[in-house]
Student: 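Got a structure for you, questions after.
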Amino acid sequence: METPTGVQPDDNLLPRNLPPDVGEFTGRDADVAAILRIGTQQGKRTVVVSGFGGVGKSALAVHAAHKLTGQFPDGQLFADLRGATGREVDAHEVLGRFLQALGVPASAVPVSTDERIEQYRARAAGRRLIIVLDNARGEHQVRPLLPGDRSSLVIVTSRSRLTGLDNAESLELDFLAMDSAIELLSLIIGAERVESQRAEAERIVELCGGLPLAVRAAGAKLLARPHWPLKSLVVRLSDEHRRLDELTVGDLAIRSSLGLNYAELDERQRRAFHLLSVLDLPDFGWWPVAPLLDVSPREAEDIVEHLVDLRLLEVAGVDAIGRVRYRLHDLVQLFGAEQHESGVGMAAAVTRTMATWMMLINECGRDLPRITVSLRPVTLPDITVDPALVREVRADPAEWLKSESAAVVRMVERAYELRINYNTIVSLVSSLATPFSARNEFDEWQRTQEVALEVTSAVGDQQAEAAALAGLGQLHAEKDDFPAALTHFRRAAKLAAVIGDDTTLAAALVGMGTVNRELAVTDAAVIDLGAAAVLGEEIDHLGVVAVANYGLGAISRDKGDIAAATAQFQRCIEVYQKAGDQRGAALSLRGLSLCHRAVGEYAAAADLAAQAVTILDELGDDLGAAYARQSWAKAALRIGKHAEAAKTLAEALETCTRRQDRFGVALITRTLGELHLASGDPAAARQTLSSALDLWAALDLPLWQARTLRDLAAATVTDDPATAEAHWAEARQLIDGTEARESAELATTTPGQWLATVRA
C-alpha cells in the first residue's frame with residue numbers, strides 16, 4: 001500500500017504510556033515522598049492512592065511515576081480503568097493494550113482473559129516497569145493487571161481503599177492545606193493577582209474546603225473573568241447552598257448536598273445540567289450548551305459558569321488552544337441523569353448540537369488532505385453558527401479537533417443509543433471521516449463508522465448502508481487490516497450493485513483493487529481497478545479514476561512494464577490536477593519517480609521525489625511527505641549519497657512511527673537495511689532487514705517479504721552462503737505465481753550477483 005497506516009510496537013520499543021506530568025502540581029510533598037519510598041523498597045511494590053473524587057489522586061500518581069522513571073527503566077504503562085466515557089474498563093481490554101505496548105503484535109494477542117494474564121505476566125517478569133492503574137472501581141479490575149513478581153511498581157488510584165488487594169500499601173489523599181491551595185490558585189490565575197488580594201484569596205480557598213477540584217473551578221472562573229476582583233467570587237461561594245461540603249460523608253450525603261445545589265438552578269440551567277448528564281460527554285467546552293438550549297454563546301457560557309459555581313460541573317483543564325474544558329464527576333452525572341424526568345425536546349436539542357458540530361468540523365477539515373476516495377457528499381445543515389466559534393476552529397484546526405474528538409465521538413454514540421435523528425448521525429459521521437483519516441485517529445474513526453453502519457442497517461437505508469460499508473473498508477485498508485478491508489468492500493460493492501448506486505460501487509471496486517494489489521493478488525486487482533476506472537469515467541468521479549490509474553500504474557511497474565506504468569502515473573497526475581487535488585498529484589509524482597528508479601534513472605527519480613516532498617510539506621501532509629522522502633532516499637543511495645539518505649530516512653521513520661503507520665515503518669526499515677548493504681556494512685544490514693522482515697510478516701504481505709529476503713540473502717552470502725541460499729529460496733517461494741518483476745530476477749540471479757548490483 002502506498003499510503004499505509006498503523007504500527008504495532010515490538011520488543012525493541014519500550015512502553016512510554018504515562019500522561020504528561022501535571023504542570024500545576026503542588027502541596028503533596030509528603031505523599032510524593034511516600035510513593036518514592038515504596039518505589040525503592042524491596043517489599044511492597046503496590047500502592048493504592050485513595051480519596052475523595054477531585055482530590056488529586058491521578059495527578060499524584062502520574063507525578064510520582066514521572067519522578068521514578070529513572071529507577072524503573074523498562075518503561076511505563078498507564079490505563080484509565082474508568083475510561084474516556086466514564087464506563088468501567090475491564091481487565092481484558094487493558095491487558096490487550098498492555099500486551100501490544102510490551103511488544104505483542106495485535107494479531108498475536110490471546111482471545112481469552114486467562115491467556116492474556118499469563119502472557120502479560122510473562123512479559124512483565126523481570127522488567128522494572130511503572131504501571132499506573134487510574135480510577136479503579138474495585139479490586140476485580142486491578143488483580144488481573146498485577147505483575148507476577150515484584151520487580152515492577154504498581155500505582156493504583158481509586159475512591160475506595162481497595163483493602164482486598166494483598167500486600168498493597170495504602171495512601172489516603174487528604175485535602176490541600178491553605179498554603180498549598182493558595183499556591184495552586186496562584187498558578188492558575190497568577191501570583192500577582194493573588195498576592196494583591198491575599199485575604200480574599202484565602203477566603204476562596206476556605207470556601208472550597210481545600211479540595212483541589214473546587215480551587216481549580218474557582219480559578220477557572222477567575223481566569224475567565226480577569227476584570228473581576230476576587231471579592232466577587234468570595235460573595236458567590238459564601239452561599240452555603242453553593243458548596244459541596246457534604247460530599248465527604250458518603251453516598252447519601254452526596255445526594256443531599258447535590259440536591260440543595262440542584263434546587264437553586266433555574267429552568268434553563270436545570271435543562272443544561274440534565275442534557276449534559278444524559279449525553280455523558282467525557283469533557284467539553286461551554287459552547288455545546290448554546291445549541292443544546294438554543295441560546296446565545298454568552299448565555300451558554302454564563303450557564304456553564306453557574307454550574308461550575310454550584311459544583312455540578314468540574315474543570316477538566318485548559319486545552320491546547322486556551323479554552324477551559326469541563327466534565328461531570330461520575331456521581332454528579334448519575335445524579336443529573338436521575339433528575340431528568342422527561343425526554344421532551346431532547347431530540348431537537350441533540351440534533352441542533354450535532355448540526356453545529358458538523359459545521360465546525362467542516363471548517364476544521366477544509367484544508368486537511370483527503371486520504372480516501374469520497375463516498376457520499378455531505379449536505380451541511382441550514383444553520384448559523386456563531387462566527388467566534390468558527391474563528392476558534394480556523395485559528396488552529398488540528399488542536400481544535402484534538403480537543404473535541406472524544407466528545408464528538410461520544411455524541412455520535414449517545415445519539416444512536418437515544419435513537420435521535422438517524423440522518424443527522426450519518427451525516428455527522430461522514431463529515432468526521434476526512435479529519436479522522438488525515439490524522440490517523442483510527443479508534444475514533446472506527447467507532448463512528450460502526451455506529452453509521454448500525455444506524456443505516458436499522459432503518460433500512462441501503463444506499464447509506466453501502467456507503468458505511470465502503471467507509472469501513474477504507475478504514476481497515478488504512479489500518480493495514482487487509483482481510484477486513486476486503487470483506488467490507490465486497491459487501492459494499494454487492495449492495496451498491498443491487499440498488500444501482502454507481503458512486504459507492506466505484507469506490508468499493510477501487511478499494512478492492514487496491515487491497516488485492518497489496519496482497520499480490522494481481523489478476524483480481526487488475527480486474528477491480530480496471531472496472532473502477534471505467535465506471536469512474538462514466539460517472540465523472542475523478543477520485544476513483546485517479547486512484548484506479550495509480551493502482552494500475554503500480555502493478556505495471558511491478559511487472560516491469562515501465563512504459564505502461566509511466567503512462568498510467570502521468571494520467572493519474574492529470575486527473576488529480578483536474579480535480580484540484582495537490583496531494584494526489586504529489587503522491588503520483590512519487591509513483592512516477594519509482595518508474596524512473598526502476599530503469600536506473602536515479603537522478604530523475606530523486607528530482608521527482610523531491611518535488612513531491614516540497615508539495616506535501618507545503619500541504620502539511622507529514623505522512624505523505626515521509627513516503628516521498630523514502631523514495632528520494634532510495635534514489636539517493638543508488639548514486640552514493642549515503643549520508644544524506646540516512647538522515648532523510650531517519651526523519652521519515654520518526655514520522656511514520658509517530659503516526660503509527662505500520663507499512664511506512666516496515667518500508668523505511670527495509671530501506672535502511674538496503675542503505676547499510678550498499679554502504680558495505682552487512683552486519684547492520686542483516687539486523688535491520690531482519691526487523692523489516694518481521695514487520696512485513698505481521699502485515700502478511702508476501703511480495704514485500706520476498707523483496708526483503710532477497711536483500712537479506714545478499715547481506716548474508718559472504719559470511720553464511722547456506723543461509724543466504726535459504727533466504728533466496730524462501731523469497732522465490734513467496735513470489736512464485738505472481739507477475740512481479742522480482743520473480744524473474746530471483747530466477748536468473750544469485751545472492752552474490754544481487755549483492756554486486758546493490759553495491760555497484
Student: With heavy-atom distances below 4.5 Å as the criterion, would you say the side chains of Val109 and Leu95 are in contact?
Tutor: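 No; the side chains remain at least 4.5 Å from each other.
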Student: For Glu654, does the CD atom sit with more than 12 other heavy atoms under 6.0 Å from it, leaving out its own atoms?
Tutor: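 Correct, the count exceeds 12.
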Student: Are the aromatic rings of Trp696 and Phe663 close, with centres under 6.0 Å apart?
Tutor: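 Yes, they do, as the ring centres are separated by less than 6.0 Å.
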Student: For Gln753, does the CD atom sit with more than 12 other heavy atoms under 6.0 Å from it, leaving out its own atoms?
Tutor: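 Yes, enclosed.
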Student: Apply salt bridge (charged side-chain N to carboxylate O under 4.0 Å, His left out) to Glu93 and Arg97, showing your working.
Tutor: CA-CA 7 Å; Glu93 177 180 339; Arg97 297 203 304 264; 3.2 Å; yes
Student: Which is it for Gln474 and Ser437 under the side chain to side chain donor-acceptor pair (under 3.5 Å) test, yes or no, and what are the steps along the way?
Tutor: CA-CA 9 Å; Gln474 293 174 341; Ser437 61; over 6 Å; no
Student: Let me confirm one number: the CG-CG distance from Asp711 to Leu693, rounded to the nearest 0.5 Å.
Tutor: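 The CG atom of Leu693 is 10.5 Å from CG of Asp711, to the nearest 0.5 Å.
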Student: Do Glu444 and Lys402 sit within salt-bridge range, that is, some charged N less than 4.0 Å from a carboxylate O?
Tutor: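 Salt bridge: no.
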Student: Evaluate the side-chain proximity of Val373 to Leu375: yes if any heavy-atom separation is below 4.5 Å, no if none is.
Tutor: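 They are not in side-chain contact.
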Student: Does this structure show an ion pair linking Glu674 with Arg670, if we count only N-O contacts that are shorter than 4.0 Å?
Tutor: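 So Glu674 pairs with Arg670 through a salt bridge.
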Student: Is it the case that the side chains of Glu651 and Thr648 hold a donor-acceptor pair, with the cut-off being a distance below 3.5 Å and no angle test?
Tutor: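 Result is no, nothing qualifies.
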Student: Between the side chains of Lys578 and Glu574, is the shortest nitrogen-to-carboxylate-oxygen separation below 4.0 Å, so that they form an ion pair?
Tutor: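 Here Glu574 does not pair with Lys578 in a salt bridge, since their nearest N and O are not under 4.0 Å apart.
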Student: Just checking, Arg710 and Trp754: is the charged tip under 6.0 Å from the six-membered ring centre and within 45° of the axis?
Tutor: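 Positive - Arg710 is close enough to the ring of Trp754 and near enough to its axis.
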Student: Using a 4.5 Å cut-off on heavy atoms from C-beta on, say whether the side chain of Val547 contacts that of Tyr576.
Tutor: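 Sidechains of Val547 and Tyr576: in contact.
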Student: Please indicate whether Gln611 has more than 12 foreign heavy atoms, meaning atoms of other residues, nucleotides or ligands, lying under 6.0 Å from its CD.
Tutor: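 Atom CD in Gln611 is packed in, count exceeds 12.
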Student: Is there a side-chain contact between Val409 and Asp443 in this structure, where contact means two heavy atoms from C-beta onward sitting under 4.5 Å apart?
Tutor: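 In short, these two side chains do not touch, never coming nearer than 4.5 Å.
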Student: What's the spacing between Thr655 OG1 and Ile668 CD1 if we round to 0.5 Å?
Tutor: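 So the OG1 of Thr655 and the CD1 of Ile668 are separated by 7.5 Å.
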Student: To the nearest 0.5 angstrom, please state how far the CG atom of Leu672 sits from the CG atom of Leu649.
Tutor: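 Nearest 0.5 Å value for the CG-CG distance: 4.5 Å.
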Student: What verdict does the side-chain contact (heavy atoms from CB on, under 4.5 Å) test give for Thr750 and Val717, after you've listed the backbone C-alpha separation in whole Å, the side-chain angles of each residue and the deciding distance to 0.1 Å?
Tutor: CA-CA 9 Å; Thr750 65; Val717 65; over 6 Å; no
Student: Once rounded to the nearest 0.5 Å, what's the spacing between atom CG of Leu475 and atom CD1 of Ile371?
Tutor: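 Reported value, rounded in 0.5 Å steps: 13.0 Å.
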Student: Which pair of heavy atoms, one from Ala464 and one from Thr456, lies closest together, and at what distance?
Tutor: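 Smallest heavy-atom distance, with atoms named: CB-CG2, 3.3 Å.
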Student: Give the C-alpha distance, both sets of side-chain angles, the deciding distance and a yes or no for side-chain contact (heavy atoms from CB on, under 4.5 Å) between Arg658 and Asp622.
Tutor: CA-CA 10 Å; Arg658 172 170 46 81; Asp622 61 342; 3.2 Å; yes
Student: Are any of the side-chain heavy atoms of Pro702 and Ile735 separated by less than 4.5 Å?
Tutor: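 With C-beta onward as the side chain, the pair stays apart.
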Student: Take Asp528 and Arg517 through the salt bridge (charged side-chain N to carboxylate O under 4.0 Å, His left out) test and state the conclusion after the steps.
Tutor: CA-CA 10 Å; Asp528 292 334; Arg517 178 173 64 82; over 6 Å; no
Student: Answer yes or no for Arg629 and Trp632: cation-pi contact, defined as NZ/CZ to six-membered ring centre under 6.0 Å and angle to ring axis within 45°.
Tutor: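 Pair Arg629/Trp632 does not count as cation-pi.
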Student: Is there side-chain contact between Gln462 and Val498, with at least one heavy-atom pair below 4.5 Å?
Tutor: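 No, every pair of side-chain atoms sits at 4.5 Å or beyond.
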Student: Can you tell me if Thr716 uses its side chain to pair, donor with acceptor, with the backbone of Ala724 under 3.5 Å?
Tutor: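 No, Thr716 side chain to Ala724 backbone: no donor-acceptor pair under 3.5 Å.
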Student: Restricting to non-hydrogen atoms, name the atom on Leu102 and the atom on Pro15 that form the minimum distance, rounded to 0.1 Å.
Tutor: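 Heavy-atom minimum between the residues: CD2-CG, 3.9 Å.
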Student: Once rounded to the nearest 0.5 Å, what's the spacing between atom CD1 of Ile361 and atom CG of Leu432?
Tutor: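 Spacing of CD1 (Ile361) from CG (Leu432) equals 4.0 Å.
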Student: Can any side-chain N or O of Arg116 pair as donor or acceptor with the backbone N or O of His92 at less than 3.5 Å?
Tutor: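 Checking the backbone N and O of His92 against the side chain of Arg116, a donor-acceptor pair under 3.5 Å is found.
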Student: Please confirm whether the backbone N or O of Glu454 pairs with a side-chain atom of Ser457, one donor and one acceptor, at under 3.5 Å?
Tutor: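 The answer is no, because no donor-acceptor pair under 3.5 Å joins these two groups.
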Student: List the steps and the verdict of side-chain contact (heavy atoms from CB on, under 4.5 Å) for Thr522 and Lys559.
Tutor: CA-CA 10 Å; Thr522 307; Lys559 289 181 177 180; 3.8 Å; yes
Student: Looking at CG of Leu703 and CZ of Arg707, how far apart are the two atoms once the value is rounded to the nearest 0.5 Å?
Tutor: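 Those atoms lie 3.5 Å apart.
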Student: Kindly give the heavy-atom pair with the smallest separation between Ala506 and Ile539, and that separation in Å.
Tutor: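 Closest approach of Ala506 to Ile539: CB-CD1, 4.2 Å.
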Student: I'd like to know whether Gln449 forms a side-chain contact (heavy atoms from CB on, under 4.5 Å) with Leu453, so could you lay out the CA-CA distance, the side-chain angles of the two residues, the decisive distance to 0.1 Å, and finally the verdict.
Tutor: CA-CA 6 Å; Gln449 283 291 149; Leu453 181 59; over 6 Å; no
Student: Would you call the rings of His476 and His488 parallel, tilted or perpendicular if under 30° counts as parallel and over 60° as perpendicular?
Tutor: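 Because their plane-to-plane angle is under 30°, the rings of His476 and His488 count as parallel.
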Student: Any side-chain to backbone donor/acceptor pair from Arg590 onto Tyr627? Under 3.5 Å, distance only.
Tutor: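 Flag set: sc Arg590 to bb Tyr627 pair under 3.5 Å.
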Student: Would Ser405 and Glu441 count as a side chain to side chain donor-acceptor pair (under 3.5 Å) here? Give the steps.
Tutor: CA-CA 9 Å; Ser405 287; Glu441 294 185 5; 3.1 Å; yes
Student: Please evaluate residues Glu115 and Gln119 with respect to the criterion side chain to side chain donor-acceptor pair (under 3.5 Å), reporting the C-alpha separation (whole Å), side-chain torsions for both, the decisive distance (0.1 Å), and the verdict.
Tutor: CA-CA 6 Å; Glu115 288 178 319; Gln119 194 169 133; over 6 Å; no
Student: Which heavy-atom pair separates Ala524 from Asn516 by the least distance, and what is that distance?
Tutor: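 Taking Ala524 first and Asn516 second, the nearest heavy atoms are CB-ND2, 3.7 Å.
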Student: Is the shortest heavy-atom distance from the side chain of Phe569 to the side chain of Arg557 under 4.5 Å?
Tutor: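 Answer yes - side chains close enough.
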Student: Taking the side chain as every heavy atom from C-beta outward, state whether Phe489 and Val515 have any pair of such atoms under 4.5 Å apart.
Tutor: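 Heavy-atom side-chain distance check passes, below 4.5 Å.
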